[in-house]
Structure formats: C-alpha cells, structure tokens
Amino acid sequence: MTTRRIAVVSAGLSNPSSTRMLADRLAAETARLLTEQGVDVSIDVIELREIAHDITNNLLTGFAPPALETAINTVVSADALIAVTPIFSTSYSGLFKSFIDVLDPDSLTGKPVLIGANAGTARHSLAIDYAIRPLFAYLHAEPVSTGVFAASSDWGGAGDDVAPLAKRVEKGAKELADAISRREAADPGDPFDPATYLGEGRSFGHLLGGLAGE
C-alpha cells in the first residue's frame with residue numbers, strides 16, 4: 001500500500017505557537033481519518049520561522065539553501081497540504097506569503113489544501129475566504145471547502161458553543177482526507193532534480209538568466 005504524504009506548513013512566529021497547535025490538530029485528525037479508511041499516512045511539518053532567513057535569502061538571490069530546498073520539495077511532492085497562518089492586519093502573515101512566493105507557480109496545481117488560520121479575535125475569521133483561499137485558487141490548488149479558523153477564545157473555555165473548534169477541525173480534516181483518498185498517490189520525484197522544486201523544464205540556468213535580467 002502506498003503511503004500518502006501530507007505536508008504541514010505552520011507560519012507561527014512564537015514558540016510555543018497557537019498556529020502550530022492548530023496545524024498539529026488538523027494533521028492529527030486528518031491522519032486519524034485516513035487510517036480509519038485503511039490508508040497509510042505520513043506527516044511532515046515545516047516551521048517557517050526556522051527557515052525565515054533562508055526564505056529571505058532566496059527571494060534576494062534566487063537560490064534555495066539546503067533547509068529551504070528540503071521544505072520546498074516536501075511541499076510540492078506531497079499528496080496534500082495543510083497550511084496554517086496567523087492573521088496579521090486582516091490577512092496572512094508576510095512570512096507565510098514569502099514562502100508561497102518562493103514556490104514555482106505551477107507546483108501546487110491540483111493539490112488538495114486544508115487552510116487554517118488563527119488570530120486574537122473571531123472578527124478576523126473571514127480572512128480565510130477573502131485573502132487565503134484566493135491565493136491558493138490563483139495557484140490552481142484545490143482548497144477544501146471548509147477552512148478552520150481559531151481565535152484565542154477557542155483555546156480556553158469561552159469558545160464557540162454552536163460550532164466548537166473540535167467540530168470545525170473534524171469537518172475540515174474529513175474533507176481533506178476524502179480528497180486525498182480520491183487521488184492517486186503523488187510521485188515524490190527525484191529530490192536532486194532541480195525540476196522537482198523549480199518547476200518542470202526549469203533549471204538553475206533559468207534562475208541565473210533571471211538574475212542576469214535575461
């Protein structure tokens with residue numbers, strides 16, 4: 001049986017991070033549901049704050065240091081993506097967007113994505129649909145219909161009684177698990193082939209040409 005691989009991207013800045021807590025809950029619930037369906041699953045978590053300098057350097061130079069290269073390859077070769085960002089100024093964080101910017105624009109085409117976000121207040125919950133979902137739609141990914149937002153109150157005793165966080169996590173995870181089950185397993189590709197993370201038909205020569213202004 002082929003193991004399905006899920007890449008989890010967490011853009012939290014603190015440690016511990018409520019962004020990472022939400023990412024872990026979404027990943028654990030998705031894995032549980034897939035296991036119940038008889039599907040083997042592996043989870044790879046990427047903490048963007050650990051490679052923040054590499055992301056900046058890549059934006060400036062066009063070259064991905066080894067840690068960032070590994071993270072990019074993990075995301076683009078996975079069967080599905082769980083992407084969780086804190087909400088800053090009513091939208092995704094700059095670190096989250098910067099990581100998305102270093103991916104090849106075609107690398108997420110057709111990939112199922114479960115979107116998560118967190119903020120101090122539930123007033124920012126619509127950011128998933130007016131900011132984050134359009135980003136993945138532009139990249140031709142396939143976000144599941146449920147995005148999971150968590151406010152600070154969801155981690156305490158004053159959360160939403162009508163749709164508690166656990167129920168929202170379960171619903172989003174089920175949609176992602178079903179999407180993964182319907183798809184053929186992804187080809188991980190050759191991690192040493194630049195096309196794996198630069199895009200099909202592209203090479204370091206393309207980057208050098210772009211840096212030279214060609």
Side-chain angles (χ1 to χ4, degrees), residues 6-27 44-78 80-109 111-144 146-155 165 172 197-199 202 207 210-211:
I6 301 174
V8 181
V9 172
S10 172
L13 298 180
S14 60
N15 185 22
S17 163
S18 55
T19 301
R20 175 61 186 271
M21 289 169 58
L22 179 58
D24 286 344
R25 290 188 63 170
L26 292 170
D44 293 301
V45 180
I46 300 164
E47 280 277 12
L48 294 187
R49 67 183 186 85
E50 296 178 355
I51 53 173
H53 292 291
D54 288 347
I55 293 171
T56 300
N57 289 337
N58 188 39
L59 291 171
L60 294 173
T61 67
F63 288 96
L68 176 58
E69 181 180 317
T70 298
I72 292 172
N73 189 52
T74 297
V75 169
V76 302
S77 65
L81 172 65
I82 295 174
V84 186
T85 176
I87 300 300
F88 295 153
S89 301
T90 73
S91 187
Y92 39 69
S93 72
L95 178 60
F96 181 82
K97 181 57 164 59
S98 294
F99 178 71
I100 297 298
D101 285 343
V102 304
L103 300 177
D104 182 89
D106 297 322
S107 63
L108 299 184
T109 298
K111 192 182 299 294
V113 180
L114 174 54
I115 299 169
N118 70 285
T121 171
R123 291 195 299 271
H124 292 302
S125 61
L126 293 178
I128 286 180
D129 290 322
Y130 70 66
I132 309 172
R133 191 177 299 278
L135 174 64
F136 285 105
Y138 172 77
L139 296 170
H140 304 292
E142 297 182 0
V144 298
T146 297
V148 182
F149 179 87
S152 295
S153 58
D154 286 310
W155 303 108
L165 180 58
Y197 45 88
L198 297 177
R202 295 179 63 84
L207 288 176
L211 291 172

Kindly list each side-chain donor-acceptor pair under 3.5 angstrom involving residues 16-23, sequence neighbours excluded, with atom names and distances?
residue	atom	partner	partner atom	Å
S17	OG	T19	N	3.1
S17	OG	R20	N	3.2
S18	OG	N118	ND2	2.9
T19	OG1	N118	OD1	2.6
R20	NE	D24	OD1	2.8
R20	NE	D24	OD2	3.2
R20	NH1	E47	OE2	2.9

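- Using a distance-only test at 3.5 Å, with no hydrogens or angles considered, no donor-acceptor pair links the side chain of K97 to the main chain of Y92.
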### Task
Begin with the C-alpha distance, continue with both residues' side-chain angles, and end with the deciding distance and a verdict on side-chain contact (heavy atoms from CB on, under 4.5 Å) for L26 and V148.
CA-CA 9 Å; L26 292 170; V148 182; 3.8 Å; yes

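- In this structure, S10 OG and L48 CG are separated by 7.0 Å, a value rounded to the nearest 0.5 Å.
- Atom CZ of F96 and atom CG of D101 lie 10.5 Å apart (nearest 0.5 Å).
- Residues R25 and L165 meet the side-chain proximity criterion, which asks for heavy atoms closer than 4.5 Å.
- The only member of T146, I82, I6, V84 that meets side-chain contact (heavy atoms from CB on, under 4.5 Å) when paired with L114 is I82.
- Atoms CD1 and CZ, on I115 and F149 in that order, are 13.5 Å from each other to the nearest 0.5 Å.
- Taking 4.5 Å as the limit, some side-chain heavy atom of H124 sits within range of a side-chain heavy atom of T90.
- In this structure, CG on L103 lies 7.5 Å from CG on L139, to the nearest 0.5 angstrom.
- Of the possible donor and acceptor atoms, none in the side chain of N58 sits under 3.5 Å from a partner among the backbone N and O of I55.
- The structure places CG of L81 at 8.0 Å from CD1 of I46, a figure rounded to the nearest 0.5 Å.
- Taking 4.5 Å as the limit, some side-chain heavy atom of T85 sits within range of a side-chain heavy atom of I132.
- Using a 4.5 Å cut-off on side-chain heavy atoms (C-beta onward), L95 and L13 make contact.
- For the pair I128 and I87, the minimum side-chain heavy-atom distance is 4.5 Å or more.
- Side-chain contact between F99 and L68 is present, with at least one heavy-atom pair separated by less than 4.5 Å.
- The two residues A11 and P86 come nearest to each other via the heavy atoms O-CD, 3.5 Å.
- Residue T70 holds its OG1 atom at 9.0 Å from CD1 of I51, rounded to the nearest 0.5 Å.
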